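The structure appears right after this line, and notes come after that.
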There are 2 protein chains.
Amino acid sequence: MSKRVYGQYCGFARALELVGERWALLIVRDLLVGPKRFSDLQRGLPKIPSNILTSRLKELEEAGIVQRRLQPRPSNGVFYELTEVGNDLEDAVMALGRWGAQRLGEPRPGEIVTEDAMVMALRTTFQPEAAGRTRASYELRLGDIVINAKVANGRASVVAGPLPGADLIIETGPAVRMLLAREVTPEQALKKKLVRITGDPKLLDRFVRMFRIG
Amino acid sequence: MSKRVYGQYCGFARALELVGERWALLIVRDLLVGPKRFSDLQRGLPKIPSNILTSRLKELEEAGIVQRRLQPRPSNGVFYELTEVGNDLEDAVMALGRWGAQRLGEPRPGEIVTEDAMVMALRTTFQPEAAGRTRASYELRLGDIVINAKVANGRASVVAGPLPGADLIIETGPAVRMLLAREVTPEQALKKKLVRITGDPKLLDRFVRMFRIG
DNA sequence: CTGGATCCCTCACGATACTG
DNA sequence: CAGTATCGTGAGGGATCCAG
C-alpha cells in the first residue's frame with residue numbers, strides 16, 4: 001500500500017490511499033452491516049479472488065479500519081469487524097451509494113443482488129425528513145434475500161433477516177429500484193406485479209416516501 | 001472500464017465502477033473547483049502520467065461525468081468541466097475528504113499541497129452551524145498558493161486566488177492542519193509562528209471555529 | 001467446513017519519450 | 001498545449017491446494 005501513493009498532502013488523497021484500492025470499499029460496505037467471517041465476505045462479494053480479499057483485509061487492518069476478532073464458542077473462527085475509524089466511513093459510503101443509485105439503471109446480465117448491498121441501499125435511501133413521526137416496520141423480500149426496516153423517531157434501522165410481525169411485507173425483485181426512484185407509483189407497481197404486499201397498501205406509499213432514490 | 005466490473009446490482013458498486021479507478025476521483029476533486037485544461041490538471045496532479053490522465057478523462061467523459069469544451073478565444077484550447085452528474089459527486093468527495101483529513105497526520109516527505117486540494121479542504125471542513133450569522137472574508141496563503149474564503153449567511157464560498165480587501169490575511173504552511181484540527185489554539189499557533197496574520201486576531205478565532213477537522 | 005496460501009497468466013497501470 | 005507511442009512491471013483475476 002505504501003507504493004500506491006498520490007504524493008499529495010490532502011485529506012481526500014489520503015483517504016483514497018487508505019480505502020481507494022479496488023474492492024476495499026465494498027468490503028467496508030459489507031462490514032458496515034455487521035461483523036463477518038472470511039467466507040461471509042466471499043459470499044457477499046462472489047467475484048473477489050480469495051487472495052485479494054486476504055490482502056485487502058490485511059491492508060485495512062494495518063490502516064486501523066478493520067480488526068480481526070477471534071470468536072470464542074460457539075461458531076469458532078475469525079471475525080472481521082470495523083473499528084471506530086472504519087465505522088466513520090459510513091457517511092462517505094452512503095454519499096457515494098446515493099450518487100451511484102441514481103445512475104443504476106436496469107440490472108446488467110449476470111449482476112447479482114446481495115443481502116448486505118440491499119441493507120446498505122435502504123439505509124442510503126432513507127430520508128429522515130420524509131419520515132416525520134412515522135412508526136412502521138417492514139419486511140422486504142427479494143428472492144431469497146430477506147431484510148427488514150424499522151422506522152421510528154425519524155430514524156430507520158435496517159438489518160438483515162426476517163421480521164415476524166412486520167406491519168408490511170413487501171415481496172419484490174430488482175424492479176424495486178423503479179419504485180424507489182419513483183419511475184412507477186406504488187399503484188402501478190402493484191398492478192404490474194413488480195411488487196406483492198401483505199398488509200395495508202398505505203404502508204407501501206409511506207415506504208416509497210421514506211426510502212427513495214434521487 | 002466495462003471490464004473492471006464488480007458484478008453487483010448495487011448503487012455503491014456502480015459508483016465505484018464509474019469513479020473508483022485510481023486517479024479518477026482526484027480529477028473530479030480538482031474539477032469541482034472549476035473547469036481546467038489538460039495541463040492545469042497535470043499541474044494539480046504532478047504524479048499522474050499523461051497517458052493515464054488521457055484515459056481517465058476519456059472514461060469520465062463516456063460516463064457522462066466530465067465534458068470537453070472547446071474554448072473560443074482568448075485562451076484557445078480544450079477545457080474539461082464537470083457535468084451536472086459530475087457535480088453531484090461533491091457530497092461524496094467531501095465526505096471522504098472529511099474522513100481522510102482526520103487521519104492526515106504530518107506531511108510525508110515529498111508530499112505537496114496544491115491549490116485545488118486546499119480549496120476543497122476548506123470547503124470540506126466548513127461547519128455551517130458554527131458560522132451562524134458570521135460575515136467575514138479571508139485570504140489564506142500557503143507558500144505560493146493563495147486562496148480565499150467568504151463566509152456569509154451560514155455559507156462559505158471558497159475559491160482560488162487572492163482577495164484584495166479581505167478582513168483577515170492568514171499566512172501559514174502545512175501546519176495549518178494542526179490549527180484546523182485544534183491540536184494547537186490560535187494563540188499558540190501565533191506564538192509558535194505556525195501562522196502569521198494581518199488583521200484582527202479575533203477573526204482567526206472565528207476562522208478555526210468555522211473551518212475544522214474532526 | 002473455514003481461512004486462507006500458492007501458482008500462473010494477463011492486462012491495466014505507470015514511466016519515459018516523442019509528436020501534431 | 002494536448003495529447004500519442006512504446007514498453008516494462010506488478011496488481012488483479014482465476015484456479016488449485018492445504019492446514020486447522
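Below, read A as the first sequence line, B as the second, and so on, with proteins coming before strands; counting in each chain starts at 1. Model, not experiment: these values are computed from the prediction. Any value given below was found using the heavy atoms of this structure, including those in side chains, with hydrogens, waters and symmetry copies removed.
Between C:dG3 and A:R37, a contact under 4.0 Å exists linking OP1 or OP2 to a side-chain N or O. Using a 4.0 Å cut-off, no side-chain N or O of B:Y6 falls inside it from OP1 or OP2 of D:dG12. An OP1 or OP2 oxygen of D:dA2 is reached within less than 4.0 angstrom by a side-chain nitrogen or oxygen of B:S39. Within the structure, every side-chain polar atom (N or O) of B:R22 is placed at least 4.0 Å from both OP1 and OP2 of D:dA11. The phosphate of D:dG13 (OP1 or OP2) has a side-chain N or O of A:W23 nearer than 4.0 angstrom. For C:dG3, the OP1/OP2 oxygens have no side-chain nitrogen or oxygen of A:R68 closer than 4.0 Å.
Atom CD of A:E84 sits in a sparse spot, with 12 or fewer heavy atoms from other residues, nucleotides or ligands closer than 6.0 Å. The local environment of CZ in B:R177 is crowded, with over 12 non-hydrogen atoms from other residues, nucleotides or ligands closer than 6.0 Å. Annotation for B:R135: atom CZ does not count as buried by contact number, only 12 or fewer foreign heavy atoms lying within 6.0 Å.
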Its dot-bracket string being built from Watson-Crick and G-U pairs below 3.5 Å, with | for another strand and [ ] for crossing, DNA chain D has the pattern .|||||||||||||||||||
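Taking atom CZ of residue A:F38 and atom C1' of nucleotide D:dC18, one finds them 14 Å apart after rounding to whole Å. What separates CG of B:L45 from C1' of D:dA2 is a distance of 16 Å, to the nearest Å. The interatomic distance linking A:K47 (NZ) with D:dG14 (P) rounds to 6 Å, in whole Å. The nearest whole Å value for the distance from the CD atom in A:E21 to the C1' atom in C:dC13 is 12 Å. Atom P of nucleotide D:dG13 and atom CG of A:L26 are separated by 11 Å, given to the nearest angstrom. To the nearest angstrom, P of D:dG3 lies 15 Å from CD1 of B:I52. Taking atom CG of residue A:L57 and atom P of nucleotide C:dG3, one finds them 11 Å apart after rounding to whole Å. At whole-Å resolution of the value, CD in B:Q42 and P in C:dG14 are 14 Å apart.
Of the N and O atoms on the side chains of A:Y80 and A:R37, not one donor lies less than 3.5 Å from an acceptor on the other residue.
Residue B:T54 is in base contact, counting any heavy-atom pair closer than 4.0 Å across all strands shown.
The only member of A:E111, A:R29, A:K47 that meets side-chain hydrogen bond (donor to acceptor under 3.5 Å, both in side chains) when paired with B:Q8 is A:R29. With B:E81 as reference, B:R69 is the one residue of B:K36, B:R68, B:R69 to meet the salt bridge (charged side-chain N to carboxylate O under 4.0 Å, His left out) rule.
The listed nucleotides are C:dG3, C:dC13, D:dG3; the one nearest the side chain of B:V78 is D:dG3.
Listed by chain and residue number, A:W23 satisfy the ring pair (Phe, Tyr, Trp, His ring centres under 6.0 Å) test with B:Y6 (two or more places apart in sequence, or in another chain).
Between A:F126 and A:F211, the two ring planes are tilted [angle within 30° to 60°].
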Provide a list of protein-nucleic acid N or O atom pairs under 3.5 angstrom, restricted to nucleotides 16-20 of chain C.
none

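Atom OG1 of residue A:T54 and atom CD of residue A:E59 lie 10.5 Å apart, to the nearest 0.5 angstrom. Between the CD1 atom in A:I65 and the CG atom in A:L31 there is a gap of 11.0 Å [rounded to 0.5 Å].
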